[in-house]
Amino acid sequence: MELCVIGAGYVGLVTAACFAQMGNRVVCLERDHVRLARLRQGQCPIYEPGLAALLQEGRRSGLLSFTEDWEQALARAEVVFIAVGTPSQEDGSADLQHVLAVAESLGRQLPRPCLVVNKSTSPVGTVERIAAQIGSGLRERAVAFAVEVASNPEFLKEGSAVEDFMRPDRIILGSDSPVARERLQRLYAPFVRNRERVLCMSPRAAEFSKYAANAFLASKISFINELAGLCAQLEVDIEQVRRGIGSDPRIGSDFIYAGCGYGGSCFPKDVRALIHTAEQQGYQPTILRAVQARNAQQKTLLFKALEQHFGGFLRERRVAVWGLAFKPGTDDVREAPSLVLLEALLDAGVRVQACDPAALASVAALYAQAVSSGQLTLVEDPYTCAEGADALVLVTEWKQFRQPDFRHIRGLMRMPVLFDGRNIYDPSELSSLGYLYHGIGRPVVGHCKVTAA
Ligand SMILES: NC(=O)C1=CN([C@@H]2O[C@H](COP(=O)(O)OP(=O)(O)OC[C@H]3O[C@@H](n4cnc5c(N)ncnc54)[C@H](O)[C@@H]3O)[C@@H](O)[C@H]2O)C=CC1
Ligand SMILES: O=C(O)[C@H]1O[C@H](OP(=O)(O)OP(=O)(O)OC[C@H]2O[C@@H](n3ccc(=O)[nH]c3=O)[C@H](O)[C@@H]2O)[C@H](O)[C@@H](O)[C@@H]1O
């Protein structure tokens, strides 16, 4: 099929590259010149496992190209995907300016009938707004054809985006038109052997399903985090409780890992947007507000634990931070728990040395002043990062941090104190190596006397 994907971000790029891999001809339209130039040179502008290879292949086969020119992008398109950002506005609602700007351009530029599919996470009723916007453009041009608009929310996760797109749990097609459904079913057929994984529904139900999924997953995380806080007070290890409840298939073992909070470009913004939608309807989103409040508290826990550990002597300490991306496998730091910790540490006059396999450049850009003053040092190597530290804090559980040589690290650190923000280490092993271990919702294990900075 001839496809156009608008927006070359995490979703647009993965969508374009995966559809091209399945033999479709895809033109991806991107308005950011820097990003476009890199893509045209064959570079992958984001860190996403497997994506660079797919982009190369699309380039070699000639099935994938990039442009900023609407005429070129739409010349042959049978299906146009919208994959632009829908960030939060100040009141929490989803900002649809990019989606509607694209709809306006489509109304002005579409050369022939086609199917427009919205992949951006957008509130209920957005498909209708896109259709109205395109329709008014077509009418102004006195064009005699109609354009169908469907919703096809995306469920990929950063860090495993290509894998998720290639092997989806389900595909949601929100359209009342049998022709549009049939066309999308055909397009997605190579990704789903089992046709039952393709779920057809109304556009409004599809739009709502996306928010429901993210809000439910965020709720699971906040729920386990709330219990973790109680475990900490009762001398119970949340990790044992997690295993105890996760083995019940009605609960399931996914997304019940306690930690220092959820981040990223989606859970926080989508929970906010759903709360806003509910409030607009005069409906009280009691649970969603609690999910959000618990997550905000959770992101402050590591700093509070450090403060408590060092008493009044936090200033001038050296703290090593392992992991800055909001999750492993990405360079994305949007709403990352690491940023809340960094901010608090820098404010408290702490000297921070941090490392991350992919997100150093993003953090360097955000904290340029702290980097140039020397208060924040960004390094590649986890061992260098730990040198001279009074405490080590694990924030993002990259594979690189899972089995370090803690015996060696003990010799590098000034004080062997470990704050495990993702509960990935074995407390008894660490205490046997002489560490003081703090987890999230786990008893503190080991001893370490606080000495002067
Ligand atoms: N990041 C993720 O893992 C997922 C994101 N989503 C949703 O997908 C949507 C896109 O998210 P991301 O890909 O993360 O966003 P992003 O911010 O990484 O990428 C959006 C891209 O669209 C481009 N763009 C914006 N307006 C444009 C226009 N008028 N013409 C051409 N290009 C334009 C931007 O320059 C940017 O490169 C959002 O609604 C998000 O909630 C859904 C599932 C997963
Ligand atoms: O709409 C979106 O953008 C996407 O949002 C999430 O994907 P993503 O944010 O990329 O990553 P997740 O793996 O869901 O992790 C989100 C956050 O939750 C945290 N998390 C996850 C799982 C868990 O058990 N505990 C926990 O704290 C992670 O550390 C991370 O900060 C959803 O999982 C995707 O299905 C969805 O498409």
Side-chain angles (χ1 to χ4, degrees), residues 1-22 24 26-31 46 48 51 54 64 66 73-74 77-87 94-103 105-106 114-131 133-134 147-158 161-162 164-166 168-175 177 180-181 183-188 191-192 197-214 264-266 269-270 273:
M1 247 181 246
E2 298 282 347
L3 309 179
C4 167
V5 175
I6 301 170
Y10 287 87
V11 170
L13 261 188
V14 171
T15 302
C18 292
F19 277 140
Q21 174 78 4
M22 293 300 181
N24 301 286
V26 189
V27 184
C28 189
L29 180 111
E30 172 58 55
R31 65 170 187 186
I46 53 176
E48 193 57 56
L51 183 57
L54 280 189
L64 178 59
F66 297 93
L74 299 176
E78 297 167 87
V79 183
V80 176
F81 285 92
I82 303 176
V84 297
T86 48
D95 184 351
L96 290 179
Q97 62 163 311
H98 304 298
V99 171
L100 295 176
V102 168
S105 302
L106 290 173
C114 75
L115 172 61
V116 172
V117 182
N118 186 27
K119 252 195 184 304
S120 298
T121 303
S122 318
V124 169
T126 303
V127 159
E128 292 149 47
R129 292 181 69 183
I130 295 171
Q133 185 76 58
I134 295 175
V147 169
E148 297 262 18
V149 183
S151 165
N152 167 221
E154 180 50 58
F155 295 96
L156 63 78
K157 301 183 290 300
E158 287 181 28
V162 171
D164 291 344
F165 195 95
M166 288 294 196
D169 302 320
R170 80 302 208 180
I171 307 276
I172 291 191
L173 304 182
S175 170
S177 150
R181 286 180 178 187
R183 189 179 284 188
L184 288 174
Q185 274 169 334
R186 223 165 0 108
L187 185 60
Y188 276 113
F191 300 89
V192 275
R197 287 183 188 230
V198 180
L199 309 173
C200 294
M201 57 184 76
S202 73
R204 293 170 82 88
E207 290 167 333
F208 198 84
S209 298
K210 174 64 195 176
Y211 283 101
N214 274 2
S265 65
C266 290
K269 100 169 155 58
D270 293 347

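Atom-to-atom distance recorded for Met201:CE and Phe208:CZ is 12.5 Å, nearest 0.5 angstrom. Taking CG from Leu54 and CG from Leu64, the interatomic distance works out to 9.0 Å, rounded to the nearest 0.5 Å. Rounded to the nearest 0.5 Å, atoms CZ (Arg186) and CE (Met1) are 4.0 Å apart. Here the CG-CZ distance, from Asn214 to Phe155, works out to 8.0 Å after rounding to the nearest 0.5 Å.
Taking 4.5 Å as the limit, some side-chain heavy atom of Pro87 sits within range of a side-chain heavy atom of His98. Residues Pro123 and Leu96 are in side-chain contact: their nearest non-hydrogen atoms beyond the backbone lie under 4.5 Å apart. Put simply, the side chain of Met166 reaches to within 4.5 Å of the side chain of Gln21, judged on heavy atoms.
For Asp164, the side-chain contact (heavy atoms from CB on, under 4.5 Å) partners two or more places apart in sequence, or in a different chain, are Leu156, Lys157, Ser160. Every residue two or more places apart in sequence or in another chain that forms a salt bridge (charged side-chain N to carboxylate O under 4.0 Å, His left out) with Glu154 is listed here: Lys119. Shown here are the side chain to side chain donor-acceptor pair (under 3.5 Å) partners of Ser122, two or more places apart in sequence or in another chain: Asn118.
The aromatic rings of Phe19 and Phe191 lie perpendicular to each other, with more than 60° between the two planes, well past the 30° mark.
Across every non-hydrogen atom of Ala73 and Val27, the tightest pair is CA-CG1, 3.8 Å. Here the closest non-hydrogen pair linking Ala206 and Pro153 is O-CG, 3.6 Å. Scanning all heavy atoms of the two residues, the minimum distance from Ser177 to Glu148 falls at OG-OE2, 3.1 Å. Closest heavy-atom contact between Ala180 and Leu115: CB-CD1, 3.7 Å.
Sequence neighbours left out, the pairs with a member in residues 199-211 that pass side-chain hydrogen bond (donor to acceptor under 3.5 Å, both in side chains) are Glu128-Arg204.
In terms of modelled atom types and a separation under 3.5 Å, the side chain of Thr86 and the main chain of Thr121 share a donor-acceptor contact. In this structure, the side chain of Asn24 does not engage the main chain of Val26 through any donor-acceptor pair within 3.5 Å. Looking only at distances, no side-chain donor or acceptor of Gln185 sits under 3.5 Å from a matching main-chain atom of Val198. A side-chain donor-acceptor contact under 3.5 Å links Arg197 to the backbone of Pro168.
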Could you list the donor-acceptor pairs under 3.5 angstrom formed between side-chain atoms of residues 6-17 and any protein atom two or more places apart in sequence or on another chain?
{"from": "Tyr10", "atom 1": "OH", "to": "Asp331", "atom 2": "OD1", "distance (Å)": "2.8"}
{"from": "Thr15", "atom 1": "OG1", "to": "Val11", "atom 2": "O", "distance (Å)": "2.6"}

Only pairs under 3.5 Å count here: list side-chain donor-acceptor contacts from residues 78-85, not counting sequence neighbours, and write none if there are none.
{"from": "Glu78", "atom 1": "OE2", "to": "Glu2", "atom 2": "N", "distance (Å)": "2.7"}

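With Ile171 as the partner, the side chain to side chain contact (heavy atoms under 4.5 Å, CB included) test is satisfied by one option alone out of Asn152, Leu184, Leu199, Leu187: Asn152.
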Worksheet item: Val147 and Leu106: side chain to side chain contact (heavy atoms under 4.5 Å, CB included), yes or no, with the steps?
Response: CA-CA 10 Å; Val147 169; Leu106 290 173; over 6 Å; no
